[in-house]
There are 2 protein chains.
Amino acid sequence: MKKKEAILKVATVLFANKGFTDTSVQELARLTGVAEGTVFYHFKSKEGLLLAVLEQTRDEIVDQFERFFENRPFNSGLEMAEEVVSFYLYLAGLMEDKFLLLHRHFLYRLSESNPGFRENLESIYNCLVDIFERAISMGQGDGSISGEIHTRKSALVLFTMVDGLVRFKNHNLYDAGALFNELMLMCRRMLQA
Amino acid sequence: MKKKEAILKVATVLFANKGFTDTSVQELARLTGVAEGTVFYHFKSKEGLLLAVLEQTRDEIVDQFERFFENRPFNSGLEMAEEVVSFYLYLAGLMEDKFLLLHRHFLYRLSESNPGFRENLESIYNCLVDIFERAISMGQGDGSISGEIHTRKSALVLFTMVDGLVRFKNHNLYDAGALFNELMLMCRRMLQA
DNA sequence: CAAAAAACCGAGTGTTCACTCAGTTTCGTT
DNA sequence: AACGAAACTGAGTGAACACTCGGTTTTTTG
């Protein structure tokens, strides 16, 4: 089971950085140090391998988020919202390849023909947006976040903003770090009661 | 010159929706109704064709934005900022393929080896962010937008947010239309003095 | 209208690709 | 040690690919 994990690991990097079609199984095998046939012994096809990568990505992201936010004390919903934003950016740096993968179009194209992809992507996004929503909901309860905003929709907008910044960082368009303080300020202004 | 334009048009759709590698010149020629050799008569390579598509996209987007905002009267900078956001979303719907293309990773990968791609992408983003910045700057002058925010950085954050929403729409993750009002509210709250 | 130039054509070429398969090695169990 | 199962191998295969090129048609021009 050692080689299977190694294949998954290298495949994640290659799929995220080169794309699906531009990653050849031959190159993947060479970089992993296994024979080409080994890849097809463990995964039924290249697409099956990508699905396995996505499943592992979902497990890891969902796990990280749930562990970070369960049984955690926050002084207010607004503070929690800020920590969620912060943690999302932190995680996107820590798991750069996996977040890059999630921003690649081929996953969403494959979603249309292979429900496995759709299910995993939905799992991830639901988990993330739910946590944003929980923070806003809590803040509206304790009065730290304005009641004039729509809970779910503003969670989506907030998520969109943070995720957009991650995309710009991944595309080397501009430095996300330099925008961190401004982003936090904007979040606070958006949500504050 | 009729066929050259036809090739560019079809190539835009294919590159945006299928990606660079997954678009074959054979298929492109068939859909355009020309011979494969004709594509290479007009463009020196597949990559050259993509660059031509990007150049046309830049011309069109920059032109649209500049024409929309030159000599236009706004009651306040805040109102202008709202109109910029609105117009960006409108244009992203009108030129769906071109905005989808701009969100595809292969452009940014090619940017690293071919400066032509980098230059065109920078032109587009500079043009867009500049207009956001102009609105904020104006608002800070007339008092409709808070002076506590950093002009350029908040323009980037604002752009990131709107562009992120377009990405979610293009990936069929959730309906951007349903979030429009919430997005505008959030923008106002972010910027308001 | 004739000659030159530009546009267009599609069969041909060499390469790369995902995937198969018949055979070999490694591992777990008794 | 013996044996069956699981893991692994890499040469082989047919399909698809970007691009070329010698030749044909269409357009421009003097």
Side-chain angles (χ1 to χ4, degrees), chain A residues 1-56 101 104-114 116-117, chain B residues 1-56 101 104-114 116-117:
Chain A
M1 279 298 164
K2 213 62 202 282
K3 298 211 170 176
K4 190 176 179 181
E5 285 162 30
I7 292 168
L8 271 173
K9 200 168 163 181
V10 176
T12 304
V13 178
L14 289 179
F15 285 147
N17 289 280
K18 304 192 65 174
F20 183 66
T21 310
D22 288 337
T23 296
S24 81
V25 179
Q26 197 174 55
E27 184 189 16
L28 167 65
R30 191 173 42 79
L31 286 174
T32 315
V34 303
E36 213 176 329
T38 308
V39 177
F40 291 98
Y41 173 75
H42 287 294
F43 307 95
K44 75 171 201 289
S45 64
K46 195 180 163 188
E47 187 172 319
L49 169 60
L50 175 63
L51 186 57
V53 167
L54 181 60
E55 275 162 4
Q56 194 189 249
L101 181 70
R104 301 216 49 153
H105 193 75
F106 56 82
L107 288 182
Y108 304 89
R109 267 211 124 222
L110 287 168
S111 283
E112 289 161 23
S113 59
N114 186 333
F117 287 97
Chain B
M1 278 296 164
K2 212 61 204 280
K3 299 212 169 176
K4 188 176 179 181
E5 285 162 30
I7 291 168
L8 271 173
K9 199 169 164 181
V10 176
T12 304
V13 178
L14 289 180
F15 284 148
N17 289 281
K18 305 192 64 175
F20 183 66
T21 311
D22 287 337
T23 295
S24 81
V25 178
Q26 198 175 54
E27 185 190 14
L28 166 66
R30 191 174 42 81
L31 287 174
T32 314
V34 303
E36 214 176 329
T38 308
V39 176
F40 291 98
Y41 172 75
H42 287 294
F43 306 96
K44 76 172 201 290
S45 65
K46 196 180 163 189
E47 187 172 319
L49 169 59
L50 175 63
L51 186 57
V53 167
L54 181 59
E55 275 163 5
Q56 194 189 249
L101 181 70
R104 302 217 48 155
H105 193 75
F106 57 81
L107 288 182
Y108 304 89
R109 267 210 125 223
L110 288 168
S111 283
E112 289 161 22
S113 58
N114 185 333
F117 287 97

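Everything quoted here is computed from the prediction, not taken from an experiment. Residue numbers begin at 1 in each chain, while the letters A, B, ... track the order of the sequences.
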Sequence neighbours excluded - ring pair (Phe, Tyr, Trp, His ring centres under 6.0 Å) pairs with any residue from residues 17-46 of chain B = B:F15-B:F20
Whole-Å distance, A:L28 CG to C:dA18 P, equals 9 Å
Rounded to whole angstroms, how far apart are CZ on B:R30 and P on D:dA16?
-> 12 Å
Not counting sequence neighbours, which residues clear side-chain contact (heavy atoms from CB on, under 4.5 Å) with A:L107? List them please.
-> A:L50, A:L54, A:L101, A:L102, A:F117, A:L121
Qualifying salt bridge (charged side-chain N to carboxylate O under 4.0 Å, His left out) pairs, either residue in residues 31-41 of chain B, two or more places apart = none
Which heavy-atom pair separates B:L51 from B:G116 by the least distance, and what is that distance?
-> CD1-C, 3.7 Å
Pull out every residue in residues 45-52 of chain B that has a heavy atom closer than 4.0 Å to any atom of DNA chain D, ordered by number, or say none.
-> B:S45, B:K46
Can you sort out which residues in residues 6-26 of chain B have a heavy atom within less than 4.0 Å of DNA chain D? Ascending by number, please.
-> B:T23, B:S24, B:V25, B:Q26
Could you run down nucleotides 4-10 of chain C 5' to 3' and tag each one B, S or - for protein heavy-atom contact under 4.0 Å?
-> --SBBSB
side-chain contact (heavy atoms from CB on, under 4.5 Å) partners of A:L28, counting only residues at least two apart = A:I7, A:V10, A:A11, A:L14, A:T32, A:V39, A:L49
Would you mind reading off the distance between A:K44 atom NZ and C:dC19 atom P, rounded to a whole angstrom?
-> 10 Å
Quick one: side chain to side chain donor-acceptor pair (under 3.5 Å) partners of A:E47, sequence neighbours excluded?
-> A:N114
Sequence neighbours left out, what pairs pass side chain to side chain donor-acceptor pair (under 3.5 Å) with at least one residue falling in residues 13-24 of chain B?
-> A:T21-B:D22, A:D22-B:T21, B:N17-B:D97, B:K18-B:E27
Report the distance from atom CD of B:E27 to atom C1' of D:dA15, rounded to the nearest whole Å.
-> 16 Å
So the salt bridge (charged side-chain N to carboxylate O under 4.0 Å, His left out) pairs with at least one residue in residues 1-12 of chain B (sequence neighbours excluded) are none
